[in-house]
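Step one of this worksheet: look at the structure below.
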Amino acid sequence: MLALAACLCAGHARAEDGYELWLRYHPLPAAAAAAYRNQAGQLIVGKATSTQAATRSELLRGLGGLLGTPPPLSAEVTRDGAIVAGTPSSSALIASLHLDTRDLGSEGYLVRSMRVNGHAATVIAGNTDIGVLYGAFRFLRLLQIGRPAGTLDLRDTPRMQLRVLDHWDDLDRHVERGYAGQSLWNWWTLPDDLDPRYTDYARANASIGINGSVLNNVNADPLILTHRYLLKVAALAGVFRAWGIRAYLSVPFDAPVRLGGLKTADPLDPAVRGWWRDKADEIYRLIPDFGGFLVKAHSEGQSGPQDYGRTHADGANMLAAALAPHGGVVMWRAFVYANRPGEDRVKQAWDEFKPLDGKFAANVLLQVKNGPLDFQPREPFNPLFGAMPKTPLMMELQITKEYLGFATNLVYLGPLFKEALAADTMAHGKGSTVARVIEGRRDGHAPSGIAGVANTGSERDWCGSDFNQANWYAFGRLAWDPQQSARAIADDWVRMTFSNDPGFVGPVVDMMMASREAAVDYMTPLGLAHQMGAGSHYGPAPWDHSLPRADWNPTYYNRADARGIGFDRTATGSDAVAQYAPPLARCLADLACVPDAYLLWFHHVPWTYRMRSGATLWQALVEHYTRGLDAVQTMRASWRGLQGHVDAERQLKAAAFLAIQQREAQWWRDASIAYWQSLNSLPLPPGYAPPAHPLRYYESLTFPDAPGQSR
Ligand code: BDP
């Protein structure tokens with residue numbers, strides 16, 4: 001008992017299980033709380049709509065937690081230090097201030113210190129309730145990250161319209177590529193039971209500006225479109241609505257056959273068109289603000305319009321016509337590689353979609369993965385960005401770490417997301433970055449959007465580890481504004497999630513910022529890709545060629561033999577490089593110009609190839625693997641040194657996961673080196689430790705139980 005009491009008093013001893021995410025609202029230090037109490041002495045905010053009520057409850061909850069007591073609600077400003085939140089149309093008080101809200105659009109906000117009725121006040125305003133909610137979260141964040149109380153003058157609007165999470169959740173609650181338990185949606189108990197967790201999910205999303213959720217797996221089950229399931233979807237949409245989040249569904253293209261009993265799903269067949277129209281009408285009767293459909297067609301066994309001799313545009317436009325009267329959109333995925341066996345897989349989407357530019361209906365967005373392959377630790381950007389100026393392209397990122405060691409590896413994805421967004425397509429001269437392409441400003445498109453494949457699940461901490469929460473957080477923040485820096489976002493997240501203690505924030509942010517490069521180094525350095533165990537994508541298996549399709553196997557991608565390694569994608573090989581804008585293509589095709597990070601993605605080179613550093617490729621590879629492993633060791637030591645700064649529960653969990661990561665980084669390094677050596681027979685450069693086991697040991701490892709596999 002005494003030990004327990006001692007533990008509970010030791011500053012950070014309050015055990016935390018991660019459920020509160022970055023919305024912990026734990027008490028601020030006394031001085032900061034006192035200063036802010038002067039700025040939060042009264043709260044004037046309506047509750048006439050569900051979003052206003054949500055804003056009010058979040059401000060009361062946040063300020064109450066951070067300051068010790070929530071400010072009293074009031075109808076009027078009667079003293080200094082009031083917080084006034086609302087829109088000019090919902091609040092006469094806000095209207096009387098004659099704020100300039102013209103550039104705030106339908107989701108933007110301002111947070112401003114000004115005098116109201118002769119008193120000092122903080123005004124949180126927008127043109128819409130949801131803008132005000134976003135402003136309220138921004139205000140709370142200032143307190144959470146330890147910004148000193150004082151004058152405020154902030155305005156912000158999102159750069160993209162659709163900021164969406166894609167849940168690859170099956171209806172039996174299995175999550176494809178999910179590593180955090182089961183699906184959050186308990187389809188069996190819906191619509192009657194509305195787990196409070198659905199509200200907390202919506203709060204978390206709203207706090208970072210996410211405004212859409214695709215509820216089910218892209219490998220979609222037609223059951224989702226039955227009336228019984230639509231009632232469940234409507235119940236979730238009802239919870240999300242107050243928080244500005246629309247529900248979307250993944251639909252199988254052949255639903256009219258599998259569910260509707262039609263003989264065909266041909267998009268030009270009037271009966272098929274009628275079936276989808278009726279289905280859309282039924283959905284909108286239940287869910288008036290339904291967002292639309294996400295479609296994986298003609299990919300990995302999913303049916304598509306080509307089964308009926310039609311194009312992707314025919315298929316997408318047919319669904320778009322059914323949704324258009326209701327204001328819904330189609331997010332049509334460009335992740336296809338089924339149609340051209342023998343062709344380099346990374347070329348296929350471009351080959352298939354580029355000719356269709358300009359052929360899509362106005363409410364279709366093409367959803368394009370950040371790279372041309374599949375969510376690898378590093379890929380060059382997808383050449384479709386910049387290549388389809390007449391089509392709104394939406395970027396799809398993966399927040400769940402399918403190819404990055406699952407939930408237990410600490411890999412902060414902010415730098416990966418940023419790298420993809422900041423890549424210069426050079427399609428319209430220098431500076432035409434991927435972010436500008438998807439924001440749609442350059443090509444004058446509306447709508448615009450970005451999607452992230454969610455990492456959430458039923459585990460208490462939502463994401464399978466505390467640090468994985470940072471990837472959900474970073475996705476939302478970058479979806480709102482791709483110009484923000486990954487480091488600044490990490491800094492905010494660490495403060496909100498753990499502590500404002502500078503002795504903690506600095507080292508943890510450094511650790512996070514180094515983690516993605518570390519993963520690239522110990523898994524797939526210098527442009528290698530897809531070297532993970534076939535199917536499960538767990539652990540290294542560069543030798544594997546067991547799967548029936550060549551392009552599902554690591555050997556397809558590494559092309560390693562006694563002489564060299566890498567995929568020749570120049571004119572002497574697959575010429576995938578030609579899909580990039582000419583000035584960029586020229587550089588990538590040229591060994592003297594291609595960045596080291598993409599060397600083996602675009603080139604097949606001898607093991608003895610001289611790198612810019614003077615080292616041979618072989619030496620450089622060994623160096624990178626080892627550097628990645630060393631970086632994990634450093635992360636682990638750094639975390640150990642921070643003991644006492646956070647509660648023991650979260651400290652121990654992250655420490656245990658870092659130990660797993662170190663073991664796996666060692667395994668990646670050693671297994672990769674052992675396999676390459678079996679081909680090139682080269683000795684290790686001096687000073688580097690040999691693999692711990694012979695190659696056959698690594699080859700013998702199997703993991704039929706690895707989580708998240710596709711079925
Ligand atoms: C791959 C996953 C697979 C998904 C597919 C997709 O391995 O489970 O179904 O992408 O995006 O990354 O459709």
Side-chain angles (χ1 to χ4, degrees), residues 11-12 14 16-40 43 45 54-71 81 83 85 109 111 113 122 124 132-154 156 200 202-210 243 412 414 461-463 466-467 469-478 480-481 484-506 508-509 512 645-647 650:
H12 301 282
R14 178 173 154 187
E16 294 194 43
D17 58 14
Y19 182 86
E20 295 173 304
L21 295 162
W22 49 88
L23 299 175
R24 289 159 62 250
Y25 304 138
H26 288 203
L28 292 175
Y36 263 108
R37 242 176 252 128
N38 292 329
Q39 240 174 283
L43 184 61
V45 52
T55 307
R56 175 191 276 214
S57 81
E58 196 68 25
L59 282 169
L60 289 171
R61 173 185 193 141
L63 295 170
L66 290 159
L67 306 180
T69 45
I83 297 169
Y109 58 81
V111 180
S113 309
T122 304
I124 303 174
V132 180
L133 176 65
Y134 290 151
F137 274 117
R138 178 70 181 274
F139 178 67
L140 290 170
R141 191 206 304 165
L142 298 175
L143 274 70
Q144 290 176 280
I145 62 174
R147 184 195 183 281
T151 308
L152 293 171
D153 190 5
L154 299 167
D156 209 358
D200 286 333
R203 287 177 53 234
N205 278 330
S207 76
I208 48 176
I210 289 173
W243 302 91
Y412 171 53
D461 68 13
W462 300 85
C463 303
D466 293 300
F467 278 98
Q469 298 173 358
N471 294 331
W472 179 7
Y473 183 82
F475 168 75
R477 292 282 303 271
L478 287 169
W480 180 277
D481 179 3
Q484 292 176 93
S485 88
R487 174 175 286 274
I489 294 171
D491 194 274
D492 285 352
W493 177 81
V494 170
R495 291 169 181 277
M496 295 163 86
T497 303
F498 289 111
S499 157
N500 276 310
D501 173 355
F504 178 82
V505 177
V508 176
V509 170
M512 289 169 70
H645 286 262
V646 292
D647 56 289
R650 291 188 297 167

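- Considering CG of N500 and CG of L143, their distance stands at 10.5 Å, rounded to 0.5 Å.
- Annotation: W493 is not in aromatic contact with W472 [ring centroid separation under 6.0 Å not met].
- Aromatic ring pairs are classed by plane angle as parallel below 30°, tilted from 30° to 60° and perpendicular above 60°; the pair Y134 and W480 is perpendicular.
- With values rounded to the nearest 0.5 angstrom, T69 atom OG1 is found 6.0 Å from R37 atom CZ.
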Test R61 against Y25 for side chain to side chain donor-acceptor pair (under 3.5 Å), laying out the working first.
CA-CA 8 Å; R61 173 185 193 141; Y25 304 138; over 6 Å; no

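- Under the ring-ring contact (aromatic ring centres under 6.0 Å, His included) criterion, Y412 pairs with no residue at all, not counting sequence neighbours.
- The shortest distance between side-chain heavy atoms of D200 and Y19 falls below 4.5 Å.
- Among L63, L66, L142, the single residue meeting the side-chain contact (heavy atoms from CB on, under 4.5 Å) criterion with Y36 is L142.
- A474 approaches G414 most closely through the heavy-atom pair CB-CA, 4.3 Å.
- Between H645 and V508, every side-chain heavy-atom pair lies at or beyond the 4.5 Å cut-off.
- Summarising the geometry of L28 relative to L67, their closest heavy-atom pair is CD1-CD2, 4.0 Å, with the distance given to 0.1 Å.
- The closest donor-acceptor contact from the side chain of R24 to the backbone of M496 lies under 3.5 Å.
- Within the 4.5 Å cutoff, the side chain of L152 has heavy atoms near those of the F139 side chain.
- Here CZ of R203 is found 10.5 Å from CG of L133. Values are rounded to the nearest 0.5 Å.
- To the nearest 0.5 Å, atom CD of residue E20 and atom CG of residue D461 are 12.5 Å apart.
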Determine, stepwise, if the pair V111 / D156 fulfils side-chain contact (heavy atoms from CB on, under 4.5 Å).
CA-CA 9 Å; V111 180; D156 209 358; over 6 Å; no

Stepwise, does the side-chain contact (heavy atoms from CB on, under 4.5 Å) test hold for T55 with F137?
CA-CA 8 Å; T55 307; F137 274 117; over 6 Å; no

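- Scanning both residues, G150 and S113, for their nearest heavy atoms gives O-OG, 3.9 Å.
- Of all heavy-atom pairs spanning L23 and A204, the tightest one is CD1-CA, 3.9 Å.
- Remark: the backbone N or O of A54 is paired with a side-chain donor or acceptor of S57 at under 3.5 angstrom.
- Atom-to-atom distance recorded for R147:CZ and D492:CG is 12.0 Å, nearest 0.5 angstrom.
- F498 has its ring centre less than 6.0 Å from the ring centre of F467.
- Residues M512 and R487 form no side-chain contact, since every pair of their non-hydrogen atoms from C-beta on lies 4.5 Å or further apart.
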Start with the C-alpha distance between D17 and R650, add both sets of side-chain angles, then the distance that settles salt bridge (Lys or Arg N to Asp or Glu O under 4.0 Å), and finish with yes or no.
CA-CA 7 Å; D17 58 14; R650 291 188 297 167; over 6 Å; no

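- Separating the OG atom in S207 from the CZ atom in R138 is a distance of 12.5 Å, to the nearest 0.5 Å.
- Under a 3.5 Å cut-off, the side chain of Q469 and the backbone N or O of W22 do not form any donor-acceptor pair.
- Judged by distance alone, with hydrogens and angles left aside, the side-chain atoms of Q484 form no donor-acceptor pair with the main-chain N or O of I489 at under 3.5 Å.
- At a threshold of 4.5 Å between non-hydrogen side-chain atoms, the residues V646 and F504 count as touching.
- Between W243 and N205, every side-chain heavy-atom pair lies at or beyond the 4.5 Å cut-off.
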Report the C-alpha separation of Q39 and I83 in whole Å, then their side-chain angles, then the decisive distance to 0.1 Å, and conclude whether the side-chain contact (heavy atoms from CB on, under 4.5 Å) test is met.
CA-CA 7 Å; Q39 240 174 283; I83 297 169; over 6 Å; no

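- Residues A136 and I124 share a closest heavy-atom pair of N-CG2, 3.6 Å.
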Please assess Q144 against R495 for the test side-chain contact (heavy atoms from CB on, under 4.5 Å), listing each intermediate value before the final yes or no.
CA-CA 7 Å; Q144 290 176 280; R495 291 169 181 277; over 6 Å; no

